Amino acid sequence: MKVQLRVCLSSFPRNSNETHTTYLWLSGQWEEIGGVKSYVSIPPGGEYAKDTVILFLADLFGPQFINAQLLVDGFAKNGYKVVAPDYFNGDPAPEDALNPGVNFDVMKWFANHGPEQTRPPLDNVLAALKEQGIKKIGATGYCFGGRYVFDLAFENITDVSVVSHPTFIKAPEDLEKYLEVSEAPLLINSCTFDERFPPESQAIADQVLGDGKFTPGYKREYFEGCTHGFAVRGDMNDPKVKAAKEGAFNSAVTWFKTKL
């Protein structure tokens, strides 16, 4: 199985301090789906399964972040239509929000972007996709978006799940619920330094879902020495992080090609 990594990962900004000079690499475009602004990308040449879509659920920086758009385009270049809805309603966190010395109240931002604000846009997009004839949905979520990958899988709205350094996942509760109610194969891209989904939670995921316990399919990739956010905002000057970022992307593509 050949994974096309033509997402120009080497051109990703290394972190949120850098200016973005890579827009020429983008192949997607902004559309309204169900009244929700969404970054959408399709394979070059337009050859793909018209009844299948990958739902890309961004971290707190939203699909406006160039790194997220490059990942969306990367999945599209591997044969999928990809939709990244702006479920933050035009109010993502600033790209420098997590940088040292920046006075940004991220907890206040989270409080203003709870399920009441962010779930309705997702439901509108999903309803519109269904009206368009979409029958199979793979979901990939990063950080904040990982929570919704779980929620959608709990309701069996989506067919395949990928999460990378997810946030707001309770262990063991959410993992046990996934085992009990979901039918969507699950891939977790995890790392060493992650307060949101620490090694202890990763181990619990393996205990609950691994060794064939979750029959639809479970796999966890572990990228040693990396920190939360590496799959989107990793420092591309660091060879280990660069390899991990590319590895997380490759593992997600392979999971979708195998399971979706």
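Here the structure is a predicted model, which means the values were calculated and not measured.
The hydrophobic cluster around F193 extends to none of the other residues, as no ILVMFWY side-chain heavy atom falls under 4.5 Å of it.
A 4.5 Å side-chain heavy-atom check between E221 and I188 finds every atom pair outside the cut-off. Residues K177 and V181 have side chains in contact (heavy-atom distance under 4.5 Å, counting atoms from C-beta outward).
Using bins of under 30°, 30° to 60° and over 60° for the plane-to-plane angle, the ring pair F230/F223 lands in the tilted bin. Using the six-membered ring where Trp is involved, F75 and F249 have ring planes that are tilted, between 30° and 60° apart.
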Can you give the donor-acceptor pairs under 3.5 Å from side chains of residues 47-56 to other protein atoms, not counting sequence neighbours?
{"unit_1": "K50", "atom_1": "NZ", "unit_2": "G46", "atom_2": "O", "d": "3.1"}
{"unit_1": "K50", "atom_1": "NZ", "unit_2": "Y48", "atom_2": "O", "d": "3.2"}

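For F197, there are no ring pair (Phe, Tyr, Trp, His ring centres under 6.0 Å) partners at least two apart in sequence or on another chain. Listed by chain and number, the residues in a side chain to side chain donor-acceptor pair (under 3.5 Å) with R196 amount to none (sequence neighbours excluded). By the ring pair (Phe, Tyr, Trp, His ring centres under 6.0 Å) test, Y80 pairs with no residue at all, sequence neighbours left out. Scored by the side chain to side chain donor-acceptor pair (under 3.5 Å) test, S161 finds Y178 as partners (sequence neighbours excluded).
Taking the charged nitrogens against the carboxylate oxygens, K242 and E246 do have a contact shorter than 4.0 Å, which makes a salt bridge. For R233 and D59, the salt-bridge test passes: some basic side-chain N is under 4.0 Å from an acidic carboxylate O.
The side chain to side chain contact (heavy atoms under 4.5 Å, CB included) with V162 is formed by just one residue from the set V149, L186, L57, T140; it is T140.
Judged by the 6.0 Å distance and 45° axis criteria, K219 is not positioned over the aromatic ring of W255.
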